[in-house]
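Scroll down for the structure; my scribbles are underneath it.
One-based numbering, in listed order, for ligands and for the atoms of each. All values below come from the heavy atoms of this structure, side chains included, with hydrogens, waters and symmetry mates left out. Computed from a predicted structure; not experimentally measured.
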Amino acid sequence: MALVSLRQLLDEAAAGGYGIGAFNVNNMEQIQAIMEAARETESPVIVQASRGARSYTNDRFLFHLMQAAGELYPEIPVALHQDHGDSPATCISAIELGFTSVMMDGSLLADGKTPSDFEYNVAVTREVVEYAHARGVSVEGELGTLGGIEDGHGSGQVHLTDPDQAVEFVERTGIDALAVAIGTSHGAYKFTKPPTGDVLAMDLIEEIHRRLPDTHLVMHGSSSVPKPLVDAINEYGGEIRPTWGVPVKEIQQGIRHGVRKINVDTDLRLAITGAIRKVFAESPGEFDPRSYLKPARAAMQAVVAERMQQFGQAGHARDYEPKPLDEMQRLYA
Ligand code: 13P
């Protein structure tokens with residue numbers, strides 16, 4: 001099966017009242033782990049690659065790995081999404097490569113660091129929407145900024161999304177999905193204690209959803225940083241400081257209020273690293289990469305499958321016929 005658009009996945013998720021995990025990848029094992037978890041739980045899924053991932057993997061490798069995923073898992077609707085495109089040129093190159101969805105993150109300037117102004121964000125996002133929709137490809141925009149830095153992308157400052165601006169932004173850009181800043185950040189070090197209402201602004205999601213009931217909302221920085229995954233790393237010589245992520249029950253509350261795409265990267269990195277460290281510590285004589293990549297892949301698959309159950313996407317892979325991009329193109333027109 002061909003890859004499907006993000007828009008179709010999220011429209012179906014909205015109709016069914018569930019969320020869909022968007023999992024970051026950099027290599028073959030991560031793609032395999034996600035697709036196996038999707039098959040195991042019968043889930044539609046979003047596979048996403050940052051600019052850093054595209055340059056690490058090489059675009060052609062990434063494209064063919066995802067083609068293989070479509071061939072090998074024909075029953076799974078899967079969208080291939082550009083995470084945090086920093087400019088229209090990045091998004092256009094992703095679309096030319098075969099991505100079915102792109103994020104134009106105009107909340108930052110093209111350096112990926114400096115917060116932009118509203119008019120800049122509207123202009124670059126609108127430009128990408130026009131190019132993408134003419135090809136049936138979906139677009140995610142972002143308003144407000146997250147904390148933390150991921151793959152060199154991020155201002156490191158939190159600016160919560162303004163609901164009035166969100167309404168104007170969606171009207172003027174025509175985006176399919178809006179990433180909102182509610183106090184989360186990328187990476188393992190999100191909170192120094194369990195997050196409460198004053199650091200994690202879930203009420204903002206409720207307000208934005210009330211004002212924009214037909215716009216799919218996206219939560220970035222949504223790893224939960226579970227203690228067992230951190231402990232597994234530290235037990236075998238790692239040094240992850242005490243830290244808290246976004247509790248799954250907060251994400252579930254978001255899903256009840258219009259959150260349809262949930263970005264998870266850090267939890268998968270933690271799972272992989274813990275599994276590899278364990279093999280290195282317990283079997284220092286091993287030098288076949290498969291001896292540690294297999295358990296790493298299995299550990300990541302377990303986390304992805306758990307999130308698929310928790311976000312509610314499990315069991316929904318066969319609910320609908322995937323629409324080809326040319327059909328999406330006609331719908332947009
Ligand atoms: P985490 O670092 O919380 O996994 O967030 C990933 C993300 O938002 C990718 O865009």
Side-chain angles (χ1 to χ4, degrees), residues 6 19-26 30 33-34 37 45-54 56 79-86 90-91 94 99 101-108 112-113 139-159 161 177-192 194-195 199-200 205 216-227 229-230 233 240-241 243-248 250-251 254 259-274 299-300 303-304 306-308 310-311:
L6 180 78
I20 304 188
F23 303 105
N24 286 78
V25 297
N26 299 285
Q30 290 174 307
I34 294 167
V45 70
I46 301 157
V47 172
Q48 58 184 9
S50 65
R51 280 183 304 123
R54 283 177 60 190
Y56 173 83
L80 177 59
H81 176 80
Q82 164 81 58
D83 192 20
H84 291 289
D86 59 344
T90 297
C91 295
F99 280 56
S101 176
V102 292
M103 173 184 195
M104 176 62 236
D105 181 0
S107 70
L108 302 175
K113 292 182 176 51
V139 181
E140 172 186 340
E142 174 162 329
L143 197 58
T145 57
L146 269 72
I149 299 195
E150 189 193 32
D151 278 356
H153 185 97
S155 67
Q157 304 159 30
V158 178
H159 290 290
T161 305
L178 175 69
V180 290
I182 54 160
T184 64
S185 46
H186 291 123
Y189 300 105
K190 300 184 195 304
F191 308 113
T192 51
V199 282
L200 196 55
I205 288 194
H216 303 303
L217 303 182
V218 183
M219 269 176 79
H220 280 246
S222 292
S223 278
S224 302
V225 196
K227 193 164 179 308
L229 293 185
V230 171
I233 292 178
I240 306 283
R241 301 191 304 277
T243 177
W244 279 263
V246 181
V248 168
E250 302 290 349
I251 297 170
V259 170
R260 300 291 159 230
K261 174 172 179 280
I262 303 111
N263 285 15
V264 176
D265 184 2
T266 296
D267 283 352
L268 316 179
R269 295 178 176 199
L270 292 171
I272 288 168
T273 301
M300 173 169 161
V303 176
V304 173
E306 188 184 17
R307 294 291 175 274
M308 287 170 160
Q310 292 164 329
F311 299 162

Show me which atoms of ligand 1 lie under 4.0 Å from any heavy atom of [X].
X	answer
H186	2 (O), 5 (O), 6 (C), 7 (C), 8 (O), 9 (C), 10 (O)
N24	9 (C)
V264	4 (O)
K190	1 (P), 2 (O), 3 (O)
H220	8 (O), 10 (O)
H84	10 (O)
G221	1 (P), 3 (O), 5 (O), 7 (C), 8 (O)

Legend entry - Backbone or side-chain N or O of S222 under 3.5 Å from ligand 1 N or O: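 Yes; the residue has a nitrogen or oxygen that sits under 3.5 Å from a nitrogen or oxygen of the ligand.
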Inset, instruction - Kindly confirm or rule out an N or O of D267 lying under 3.5 angstrom from an N or O of ligand 1. - result: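 The answer is no, given that D267 and ligand 1 share no N or O pair closer than 3.5 Å.
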So which atom in [X] and which in [Y] form the shortest heavy-atom distance, rounded to 0.1 Å?
X	Y	answer
S224	R307	CB-NH2, 3.9 Å
N24	Q30	O-NE2, 4.2 Å
S185	K190	O-NZ, 2.5 Å
D267	S223	N-OG, 2.9 Å
A188	T243	O-OG1, 2.6 Å
T161	L143	OG1-O, 2.5 Å

I need the contact type for [X] against ligand 1. Using non-hydrogen atoms and a strict under-4.0 Å cut-off, is it side chain, backbone, both or neither?
X	result
S50	neither
V246	neither
D83	side chain

Inset, instruction - Would you mind reporting whether E142 and L108 have side-chain heavy atoms less than 4.5 Å apart? - result: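 Sidechains of E142 and L108: no contact.
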Inset, instruction - Name the option, out of N263, V225, T266, that contains the heavy atom nearest to atom 2 (O) of ligand 1. - result: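 That would be T266.
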Legend entry - Candidate list Q48, R51, R54, test side-chain hydrogen bond (donor to acceptor under 3.5 Å, both in side chains), partner Q82, passing option: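 Only match with Q82 under side-chain hydrogen bond (donor to acceptor under 3.5 Å, both in side chains): R54.
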Inset, instruction - For the residue pair F23 and F311, categorise the inter-ring angle as parallel (less than 30°), tilted (30 to 60°) or perpendicular (more than 60°). - result: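 Judged by the thresholds at 30° and 60°, the geometry between F23 and F311 is parallel.
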